Amino acid sequence: MDCYTANWNPLGDSAFYRKYELYSMDWDLKEELRDCLVAAAPYGGPIALLRNPWRKEKAASVRPVLEIYSASGLPLASLLWKSGPVVSLGWSAEEELLCVQEDGVVLVYGLHGDFRRHFSMGNEVLQNRVLDARIFHTEFGSGVAILTGAHRFTLSANVGDLKLRRMPEVPGLQSAPSCWTALCQDRVAHILLAVGPDLYLLDHAACSAVTPPGLAPGVSSFLQMAVSFTYRHLALFTDTGYIWMGTASLKEKLCEFNCNIRAPPKQMVWCSRPRSKERAVVVAWERRLMVVGDAPESIQFVLDEDSYLVPELDGVRIFSRSTHEFLHEVPVASEEIFKIASMAPGALLLEAQKEYEKESQKADEYLREIQELGQLTQAVQQCIEAAGHEHRPDMQKSLLRAASFGKCFLDRFPPDSFVRMCQDLRVLNAIRDYHIGIPLTYSQYKQLTIQVLLDRLVLRRLYPLAIQICEYLRLPEVQGVSRILAHWACYKVQQKDVSDEDVARAINQKLGDTPGVSYSDIAARAYGCGRTELAIKLLEYEPRSGEQVPLLLKMKRSKLALSKAIESGDTDLVFTVLLHLKNELNRGDFFMTLRNQPMALSLYRQFCKHQELETLKDLYNQDDNHQELGSFHVRASYAAEERIEGRVAALQTAADAFYKAKNEFAAKATEDQMRLLRLQRRLEDELGGRFVDLSLHDTVTTLVLGGHSKRAEQLARDFRIPDKRLWWLKLTALADLEDWEELEKFSKSKKSPIGYLPFVEICMKQHNKYEAKKYASRVGPEQKVKALLLVGCVS
Amino acid sequence: MAFPHRPDAPELPDFSMLKRLARDQLIYLLEQLPGKKDLFIEADLMSPLDRIANVSILKQHEVDKLYKVENKPALSSNEQLCFLVRPRIKNMRYVASLVNADKLAGRTRKYKVIFSPQKFHACEMVLEEEGVFGDVSCDEWAFSLLPLDVDLLSMELPEFFRDYFLEGDQRWINTVAQALHLLSTLYGPFPNCYGIGRCSKMSYELWRKLEEEEDGETKGRRPEIGHIFLLDRDVDFVTALCSQVVYEGLVDDTFRIKCGSVDFGPEVTSSDRSLKVLLNAEDKVFSEIRNEHFSNVFGFLSQKARNLQAQYDRRRGMDIKQMKNFVSQELKGLKQEHRLLSVHIGACESIMKKKTKQDFQELIKTEHALLEGFNIRESTSYIEEHIDRQVSGWPGLLGTVCHGLIPKDYRSLKTQYLQSYGPEHLLTFSNLRRAGLLTEQAPGDTLTAVESKVSKLVTDKAAGKITDAFSSLAKKSNFRALSKKLNLIPRVDGEYDLKVPRDMAYVFSGAYVPLSCRLIEQVLERRSWQGLDEVVRLLNCGELAFTDMTKEDKASSESLRLILVVFLGGCTFSEISALRFLGREKGYRFIFLTTAVTNSARLMEAMSEVKA
């Protein structure tokens with residue numbers, strides 16, 4: 001293990017940088033990288049190459065080829081470029097390839113070369129052509145910045161929600177800037193550009209000249225600039241071979257370095273680790289790679305081949321035709337353990353474990369040494385942490401073994417950090433595998449989160465691996481397995497060469513009733529691919545009928561949607577479908593549809609009753625529902641109409657309807673009411689007072705109370721009021737008037753059809769015992785006792 | 001008297017949690033509109049709201065003034081208006097008119113509508129049509145279960161009855177399912193489910209679906225309530241239409257119990273003020289008489305008064321120390337009891353006064369005659385007389401439900417009714433028919449098997465005559481058959497002792513066992529509908545009776561004696577009393593969940609067409 005630190009290179013006193021190989025590239029590149037447009041996505045993402053770019057030769061006959069590879073060089077896609085000339089390539093945060101064309105149109109491709117969409121960067125860009133373009137990442141998503149032929153900048157901070165922003169003009173700018181970059185500060189995107197010896201910062205409103213503090217004199221031009229992964233730091237490379245490093249706000253200088261190479265570097269990127277104090281920039285020329293930091297000496301590497309740098313969160317990836325390497329600052333834990341002659345607890349523990357395996361008593365000595373200092377916990381932690389930063393599984397294992405060994409001598413060491421590290425490493429080793437080709441470091445993995453990682457696996461159609469990871473990490477089904485299966489199904493429906501039945505069956509077999517899988521989402525995808533029949537088949541598997549409805553509506557299967565909505569029992573859903581149907585169908589068809597769905601019909605009727613009375617009438621008309629139509633007009637006669645004529649007319653319509661409904665009774669009753677209304681109106685005119693809207697009974701009572709006995713009797717005859725009722729009515733009314741004389745006369749007009757007990761009762765109610773006695777004698781024998789009791793003649 | 005619970009009766013679950021839940025949710029919603037705001041409350045929601053959160057709680061959450069939602073312009077000057085309403089189109093128009101008036105006046109305020117228990121798409125539609133959808137924010141207050149008493153949960157949705165049984169509108173079914181879902185999440189799953197009626201079945205199925213979608217939550221919980229029984233009101237209209245004679249029911253019929261409390265007017269309190277009394281198990285006097293037949297109540301109260309007097313009298317001959325003890329410990333309780341006692345005595349008096357006026361005895365007698373099915377002719381004329389005299393009440397309906405009327409009687413009854421109460425009731429009758437409360441017997445379709453056999457034996461002419469005779473008697477209807485099958489009219493030798501009830505019939509003076517309660521009793525006894533096929537057929541619920549038992553037997557014997565009865569469309573206090581009695585007999589305890597507490601008057605109002 002003595003040679004372990006062989007690839008460590010010190011930079012200054014405090015930091016080491018190491019470079020190790022990730023993959024030997026499998027791709028079979030025909031051309032040099034320098035002849036291609038290259039874009040590699042961060043977080044171990046894919047690499048896109050567009051060969052044969054236009055700028056080099058004008059051989060229009062040869063169509064360029066766009067190729068996409070995994071980080072390990074496995075081909076993912078290859079397609080002939082048929083669109084216009086491309087200026088720049090870049091990957092979005094969702095791993096979509098953005099190709100910026102010369103005319104300002106951005107074409108978006110998926111990981112597998114599938115065309116997604118395109119958008120334009122605006123007319124101004126179209127007219128002046130694109131000179132240069134950058135894809136950058138912000139907290140909102142991925143942005144595009146464009147430099148046009150008129151030396152103006154246009155940018156969009158988020159291509160997902162495209163808002164074009166034209167940056168202000170740089171005064172006196174005649175030629176293209178020597179270098180520029182997009183900066184993100186305070187959630188706003190800026191442009192920093194260098195023109196000769198001057199630097200300008202463009203924001204929405206203004207263009208301001210800026211000067212880096214402590215910049216060495218004699219600079220006549222800036223050749224390169226680099227912003228760190230987190231947008232916190234900025235590095236400038238000048239024509240004097242001088243490198244300035246400072247904060248991106250240009251308020252503070254961190255360090256400077258003079259490399260004395262005046263040739264413009266091919267690439268310059270930051271190489272720093274989160275939470276590390278070290279700052280370093282990697283500069284690449286044709287055959288030379290230099291790591292420069294706050295130290296008088298730099299680290300130099302020789303590049304055997306044409307290479308390309310990809311800045312990462314915690315280092316730099318460097319790939320060429322044959323290899324793919326990672327260059328980073330050695331993390332603290334690793335440094336402590338592996339530094340030559342390190343006495344750090346972790347180093348001792350690792351040593352102890354090795355001795356233990358050799359069955360040497362030295363193991364005990366080392367262990368004692370750590371324990372005496374009380375640093376065993378720290379030692380275990382160090383080993384666990386260092387394991388995370390190792391790329392080689394054998395090193396990971398030996399460190400974890402050491403940690404596990406140390407753990408045995410600790411009473412209460414919480415096991416979860418160890419377990420989690422084992423799990424994480426297992427996942428990382430799996431995805432770093434050559435066939436998968438996602439070389440994530442531990443820090444990147446933590447930053448990315450497992451959910452995003454799963455998404456990326458799904459994006460690469462690595463469904464089985466994703467599911468294995470979910471199961472291994474015991475993620476909840478809804479977040480894990482179900483989600484992946486659903487994605488798989490969405491992919492499956494796009495396989496156009498398989499028949500609808502087979503796809504539907506295959507999907508159902510795999511997914512079954514897995515909780516959290518939404519068949520309707522999958523069906524929506526199928527519909528999106530133009531497979532309506534498949535969508536309907538898939539919807540059949542959806543257990544929640546409510547979920548089926550929106551898609552069915554979209555697919556114009558409104559009637560099916562209606563029955564599904566009714567099945568769901570959700571009246572709101574039914575209502576939604578109804579409104580949809582109402583707009584989609586003509587009135588007649590709409591009503592016919594309703595007719596077959598009583599539940600929907602009554603729902604709609606309820607709505608109409610309150611909002612659209614006329615529609616309600618039409619509904620009844622359509623159904624020849626004369627009974628309801630009659631009721632409708634009866635209601636209208638007192639609810640909607642004010643004038644007597646109107647009311648009578650409404651009643652007439654109602655009566656006609658009732659006749660049609662063969663409801664003679666209702667018809668007659670309605671006609672009676674018409675007569676009564678007219679009569680009441682006449683009574684009001686002749687006698688004054690209010691009669692309209694009284695019931696027949698009340699009308700007669702009012703007449704009696706008003707002393708119009710003749711009229712009352714006439715009315716009773718006209719409307720064939722039964723004798724009994726008339727007697728009750730007059731009895732009550734006269735008693736109310738306390739017109740005892742008239743009452744007596746009335747009682748003697750003929751034999752009472754209701755007997756005489758009511759007379760007694762009503763007199764007693766008015767506390768008129770004298771009158772009551774008169775009638776008590778006339779009460780029939782079977783009720784005599786009761787009457788006498790009432791009057792109080794107990795004897 | 002005043003039946004105590006059996007010692008082995010299971011404990012009731014604590015339903016006050018439902019109140020807390022509703023309160024917390026409301027507060028959360030109010031806090032969504034920070035700052036001072038005026039609250040507009042729909043009249044129907046006022047009493048339920050009062051039981052959940054009183055004014056001081058509302059004030060704590062920056063409610064400034066309270067208004068009632070009514071058809072008047074609002075005088076509120078607040079910058080934030082919050083509306084607490086039922087999801088009705090009428091209310092939406094009100095909100096829209098307010099917002100539009102503000103717009104005309106160039107005023108901008110914040111508006112928030114809180115729908116209880118849920119919002120309906122139609123409401124949002126109206127807001128949209130009126131052009132105010134963007135100005136108003138909508139929220140839901142999922143308050144669907146109000147515990148009115150320790151064993152009574154009400155959804156306080158009286159409109160459920162009309163909406164579902166008359167208009168065929170199923171939108172509340174979802175609310176019912178949600179409420180059941182809430183209960184099962186709080187109190188564990190129900191191992192045994194039974195139900196009858198279309199609405200019950202739909203609610204049950206929807207509820208199951210909800211549980212399936214969210215499964216895992218209730219799994220593994222021990223059930224607290226062993227059985228649930230869902231019942232549609234239209235399975236048994238008869239019971240709901242009977243005049244009530246159990247104290248609590250009678251108080252409801254006479255004074256109208258609203259949301260668990262009643263306003264006793266001056267005639268009860270014998271002062272010039274009316275008094276609002278909360279009627280529940282906490283009222284010691286009331287809880288002893290609520291389930292009693294009215295004829296016992298007065299005697300009981302006077303006995304109680306005597307006891308009270310005796311306790312007061314103990315004061316005499318006490319030494320100072322005892323007296324001190326008495327005053328500090330007992331006197332308050334006695335005073336309280338005294339107050340309650342005088343209230344209930346007042347109520348009894350008032351009931352007696354009113355009821356004799358209305359020939360209450362006659363009415364009850366007629367009802368019983370109708371139930372038993374004799375003297376139809378006499379009863380019909382009694383009903384007619386009632387209508388003629390414009391005496392309120394609807395005894396007529398009872399008869400029509402039981403037997404169906406022959407067309408002639410039906411027509412004359414209708415004519416009389418229209419003459420008395422006005423022509424708009426033509427629509428009321430059409431409503432009653434639609435809901436199945438009124439049935440007109442078509443001649444000829446009442447032939448029984450016997451009759452058809454007879455008619456086959458004799459010559460055509462004679463047969464015609466015989467059938468005529470039968471159909472004019474018109475006594476054959478499902479209710480008769482059901483009554484026989486389920487033994488609803490108990491045979492009594494001698495007087496039915498109302499003091500010591502023998503069966504549930506005591507709630508109707510021993511004349512009739514409520515059909516709904518008998519069904520529940522029978523099903524619980526069998527633990528299924530097995531053997532009740534004929535009954536189910538007679539109820540016209542062929543496919544609509546269901547049983548669902550879960551296999552796992554985690555339910556304790558205690559929980560298996562707790563039964564939740566769900567009345568869709570309302571239940572009456574008589575039914576509650578009858579089931580409480582059954583519970584005591586069998587060692588069960590019943591919990592009642594109803595869409596609203598109802599009675600004959602409320603049912604009829606729901607069916608009536610009134611001029612707006």
Side-chain angles (χ1 to χ4, degrees), chain A residues 515 543-545 566 568-576 579 598-599 601-603 605-607 609-611 627-628 630-631 634-635 637-639 651 654 658 663 665-666 668-670 672-673 676-677 693-698 700-701 719-722 724-729 732 754 758 765, chain B residues 88-90 92-93 118-122 124-126 129 163-164 166-174 177 202-203 205-206 209 212-213 215-216 357 359 381 384-385 387-390 407 410-412 414-427 429-431 433-434 609 611-612:
Chain A
R544 294 160 296 173
S545 27
I566 290 169
S568 79
D570 182 346
T571 46
D572 267 6
L573 208 55
V574 179
F575 200 79
T576 318
L579 290 181
M599 186 248 186
L601 180 61
S602 48
L603 194 73
R605 263 197 212 135
Q606 280 282 75
F607 176 72
K609 240 176 221 174
H610 290 105
Q611 279 300 86
Q627 174 66 31
E628 287 298 334
S631 299
V634 169
R635 193 172 293 115
S637 82
Y638 61 81
L651 285 172
F658 284 135
N663 189 342
F665 174 81
K668 283 261 156 37
T670 314
D672 280 350
Q673 177 58 18
L676 183 66
L677 258 181
D693 277 342
L694 293 182
S695 71
L696 180 63
H697 186 105
D698 293 340
V700 179
T701 308
F719 284 89
R720 266 174 277 139
I721 294 183
K724 272 192 184 174
R725 173 188 286 275
L726 192 62
W727 276 69
W728 274 111
L729 187 158
T732 323
I754 53 171
K765 204 173 124 196
Chain B
R88 293 174 182 149
I89 287 175
K90 182 180 93 208
M92 292 307 101
R93 289 234 199 82
Q118 67 181 107
K119 97 183 147 195
F120 289 131
H121 189 67
E124 289 180 318
M125 257 278 302
V126 174
E129 278 180 8
D163 280 350
Y164 179 77
L166 179 60
E167 312 280 7
D169 186 339
Q170 304 178 355
R171 57 190 184 167
W172 294 116
I173 291 180
N174 194 20
M202 283 195 289
S203 309
E205 278 164 5
L206 203 56
K209 244 189 243 171
E212 271 164 32
E213 267 169 43
D215 63 353
K357 245 195 234 165
D359 311 73
S381 61
E384 260 194 49
E385 185 190 308
I387 296 173
D388 285 354
R389 291 168 56 196
Q390 289 190 321
Y410 178 54
R411 231 179 347 244
S412 106
K414 277 205 285 190
T415 316
Q416 297 305 318
Y417 196 83
L418 295 182
Q419 287 189 358
S420 271
Y421 298 105
E424 61 274 17
H425 288 288
L426 196 58
L427 305 184
F429 280 105
S430 130
N431 289 346
R433 245 180 99 139
R434 187 135 43 103
E609 285 293 330
K611 287 184 190 174

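Remember, it's a predicted structure, so these values are computed and weren't measured experimentally. We name chains A, B, ... by the order of the sequence lines, and we start the count at 1 in each one.
Contacts between A:R635 and chain B at a heavy-atom distance below 4.5 Å involve backbone atoms as well as side-chain atoms. Of the atoms belonging to A:S631, heavy atoms from both backbone and side chain fall under 4.5 Å from chain B. For B:K90, no part sits under 4.5 Å from any heavy atom of chain A, backbone or side chain. Contacts of B:R88 with chain A are absent, with no heavy-atom separation under 4.5 Å from either backbone or side chain. In this structure, the portion of B:E129 lying under 4.5 Å from any heavy atom of chain A is its side chain and not its backbone. In this structure, chain A has heavy atoms under 4.5 Å from both the backbone and the side chain of B:T415. With a 4.5 angstrom heavy-atom cutoff, A:I721 touches chain B via backbone and side-chain atoms both. Interface remark: B:L418 contributes backbone and side-chain atoms alike to the contact with chain A (heavy atom separation under 4.5 Å).
Taking every heavy atom of both residues into account, A:Q627 and A:N663 meet most closely at OE1-ND2, 2.9 Å. Across every non-hydrogen atom of A:S695 and B:Q419, the tightest pair is OG-O, 3.3 Å.
Residue with the most contacts toward chain A among B:L426, B:N174, B:D163, B:I173: B:L426 (heavy-atom pairs, distance under 4.5 Å). Most heavy-atom pairs under 4.5 Å with chain A, from the set B:M202, B:E205, B:R171: that is B:R171. For the set A:Q606, A:R605, A:Q673, the entry with the most heavy-atom pairs within less than 4.5 Å of chain B is A:Q606. The residue among A:K724, A:K668, A:E628 with the most heavy atom pairs within less than 4.5 Å of chain B is A:E628.
Checked against the 6.0 Å centroid threshold, A:F575 and A:F607 count as a close aromatic pair.
Residues meeting the ring pair (Phe, Tyr, Trp, His ring centres under 6.0 Å) test with A:F665, sequence neighbours left out: none. Considering only residues two or more places apart in sequence or on other chains, A:S602 meets the side-chain contact (heavy atoms from CB on, under 4.5 Å) condition with none of them.
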Between A:L573 and B:H121, is a side chain to side chain contact (heavy atoms under 4.5 Å, CB included) present by the stated rule, with each step listed? CA-CA 8 Å; A:L573 208 55; B:H121 189 67; over 6 Å; no
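Once rounded to the nearest 0.5 Å, the distance linking CG of A:L676 with OG1 of A:T670 reads 12.5 Å. Distance check, rounded to the nearest 0.5 Å: OG1 of A:T701 to CH2 of A:W728 gives 13.5 Å.
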